[in-house]
Amino acid sequence: MDISIALGGGGSRGNAHIGVLRVLEQEGFYIRAAAGTSFGGLVAAFYASGHSPDEIEEIFSRVDQNRLYGRAPDDGPSMLGTAGIQKFLDSHLKDRAFDSLRIPCALTAVDLQHGCEIILKSGPLKEAILATMAVPGVFPPRKQDGYDLVDGGVLDPVPVSLARALAPGMPVVAVALTPLPEAASQLFNVPIPQMIPSALIDRISHMRPAQALGIFMQSIEVGNRMLSELRLQVDKPEIILRPDVGQVALLDEVDVHEMARRGEEAARQALPEIKELFTLSARLGRTLRLLNARK
C-alpha cells in the first residue's frame, strides 16, 4: 500500500509526526515520498535520509531544547537565533544533500522579496531545513540563491500539492498540527536561556514588549489555522490526520515521547478510513479491468 505524506508545520507539536510515521509503517504502508513544511520539513528530511521513526524519536528526545536558539554572528534580524539548531543538524545530517535521500523529499519556504512559495528539493539538506523553519520575526531569514527565505507555512502550512507532485497517482496522507479555527488559541511562549535567574525570567515575561509579542504571535496563529483549512479544502488530501496537540505552543519545551504518542493515537484512529481508501481503490481497479475485458 503505497502512499505519499504531507507533514505540516507547528513547531514543538511536530514531534507528533514521528508517531504517525511509526504507525503507518507498522500497518504495512509504504511511504514513497515525503513533503514537509517547517517542523514537518525537519521530520520529513530525517525520515527521507533513512532514519526510522524510532531513531528520529530517540535523536529528538536527547536534544536540550533550551539550547537551540542561541544567536550566531551572521544571524539576521530576529528575536531568536538558530545556532543550536545548526549544530544539531551538522551533527546528524552532516553534508547530506537531497540527491542522496532514499525517497523523494521536498520542503517549502517563502521568498520575502517576491512573496512567493519556493520548493526546496536540491542542494544541501541542512540549508533547506533552516529555511523552512525560519518563522518570520522569530528566526532569521535564510539567504539562498538570491532569495530571502522564511517558513513555508506562511503560504502553505500543510504541503499536500507538493506531496502529490512527488508521487503522482498515490494517495496523500496529510498531517495537520494546527487546531481547527474555532478552537481556543494558545499563547506564544518565548524560550528563555537557562543561565538567566528565575526571578528575572518572571520579570521579562511580564514586560509589555513580551506580552505584545505574545499577542502578535497568537494572532498569526489564528490566521495560520484558517489558511491551513483553506489549503486543505483546495488541495483535498485523501486522508487528514489531526493529532491532539493544539494546546502546545510553537516553541514549548515538550516531552518528545508524549508528542509522538499523540501522533500514534491519531494515526490509529484513522486506520479504518485509510484502509477503506485502498479497499475502494482495489474495487474500482477490478471494475475497470472487467469493463475493459468486455470491450
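Model, not experiment: these values are computed from the prediction.
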Is the count of non-hydrogen atoms from other residues, nucleotides or ligands lying under 6.0 Å from D74 atom CG greater than 12?
-> yes
Would you mind reporting whether F46 and L89 have side-chain heavy atoms less than 4.5 Å apart?
-> yes
Side-chain heavy atoms under 4.5 angstrom apart, residues restricted to Ile, Leu, Val, Met, Phe, Trp, Tyr: same cluster for V20 and L166?
-> no
Between CG on residue L42 and CD1 on residue I85, distance to nearest 0.5 Å = 8.5 Å
Is R261 salt-bridged to E258, going by a charged N under 4.0 Å from an acidic O?
-> yes
Any side-chain heavy-atom pair from R62 and V256 closer than 4.5 angstrom?
-> no
Heavy-atom pair of closest approach, residues P243 and A16 | CB-CB, 3.9 Å
Can you tell me how far OG of S161 sits from CZ of R231, rounded to the nearest 0.5 angstrom?
-> 5.0 Å
Following the transitive rule for hydrophobic clusters with a side-chain heavy-atom cut-off under 4.5 Å over Ile, Leu, Val, Met, Phe, Trp and Tyr, establish whether L277 and V173 coincide in one cluster.
-> yes
In Å, rounded to the nearest 0.5 Å, how long is the span from CZ of R102 to CZ of R32?
-> 9.5 Å
Shortest non-hydrogen separation from G76 to R71 and the atoms involved = O-NH2, 2.8 Å
Closest heavy-atom contact between S12 and V254?
-> CB-CG1, 3.7 Å
Any E58 side-chain heavy atom under 4.5 Å of H51 side chain = no
Show the numbers, then the answer: is there a side chain to side chain contact (heavy atoms under 4.5 Å, CB included) between S49 and H92?
-> CA-CA 10 Å; S49 67; H92 294 284; over 6 Å; no
Residues in side chain to side chain contact (heavy atoms under 4.5 Å, CB included) contact with R242, at least two apart in sequence or another chain | A176, L180, E229, L232, I240
Please tabulate, for the side chains in residues 122-143, all donor-acceptor contacts under 3.5 angstrom to protein atoms that are two or more places apart in sequence or on a different chain.
from, atom 1, to, atom 2, distance (Å)
K126, NZ, D90, OD1, 2.9
E127, OE1, R142, NH2, 3.0
E127, OE2, R142, NH2, 3.3
T132, OG1, S38, N, 2.8
T132, OG1, T108, O, 2.6
K143, NZ, D148, OD1, 2.7

Do you see a donor-acceptor pair shorter than 3.5 Å between the side chains of S61 and E57?
-> no
Could you tell me which residues satisfy salt bridge (Lys or Arg N to Asp or Glu O under 4.0 Å) with D54, sequence neighbours excluded, listed by chain and number?
-> R22
Could you give me the CA-CA distance, side-chain angles and deciding distance for Q65 and D252, then say whether side chain to side chain contact (heavy atoms under 4.5 Å, CB included) is met?
-> CA-CA 9 Å; Q65 297 170 43; D252 273 355; over 6 Å; no
Identify the two heavy atoms, one from A44 and one from L7, that lie closest to each other, and give their separation to 0.1 Å.
-> N-CD1, 3.9 Å
Check: H17 side chain, G41 main-chain N or O, donor-acceptor pair, under 3.5 Å | no
Parallel under 30°, tilted from 30 to 60°, perpendicular over 60°: which one fits the rings of F60 and F39?
-> perpendicular
Would you call L149 and L120 a side-chain contact if the rule is heavy atoms closer than 4.5 Å?
-> yes
Do the non-hydrogen side-chain atoms of D151 and T37 ever get within less than 4.5 Å of each other?
-> yes
Rounding to 0.5 Å, atoms CZ (R164) and CG (D235) come to a distance of 7.0 Å
I31: partners by side chain to side chain contact (heavy atoms under 4.5 Å, CB included), with sequence neighbours left out | I3, I5, L21, L24, Y47, I103
Linked, directly or transitively: V23 and V245 (ILVMFWY side chains, under 4.5 Å) | yes
Do I239 and P171 come close enough that some side-chain heavy atom pair is under 4.5 Å?
-> no
If you look only at pairs with a residue in residues 94-120, which of them pass as a ring-ring contact (aromatic ring centres under 6.0 Å, His included), with sequence neighbours excluded?
-> none
E117 CD to L155 CG distance, which is reported to the nearest 0.5 Å | 6.0 Å
Any donor-acceptor N/O pair, R13 side chain to V248 backbone, under 3.5 Å = yes
Atom pair CD (E27) and CE (M1), whose distance is rounded to the nearest 0.5 Å | 7.5 Å
Hey, could you give me each pair passing ring-ring contact (aromatic ring centres under 6.0 Å, His included) that has a residue in residues 244-272? Not counting sequence neighbours.
-> none
In the single-linkage hydrophobic clustering (I, L, V, M, F, W, Y; side-chain heavy atoms under 4.5 Å), do L162 and L227 co-cluster?
-> no
With the side chain counted from C-beta on, respond yes when K236 and V172 share a heavy-atom pair under 4.5 Å apart, and no when they do not.
-> no
In terms of heavy-atom contacts, K121 and A106 come closest through CB-CB, 3.9 Å
Same cluster or not: are V154 and V160 linked, directly or through other Ile, Leu, Val, Met, Phe, Trp or Tyr residues, by side-chain heavy atoms under 4.5 angstrom apart?
-> no
Beyond-backbone contact of L80 with L251, side-chain heavy atoms, under 4.5 angstrom | yes
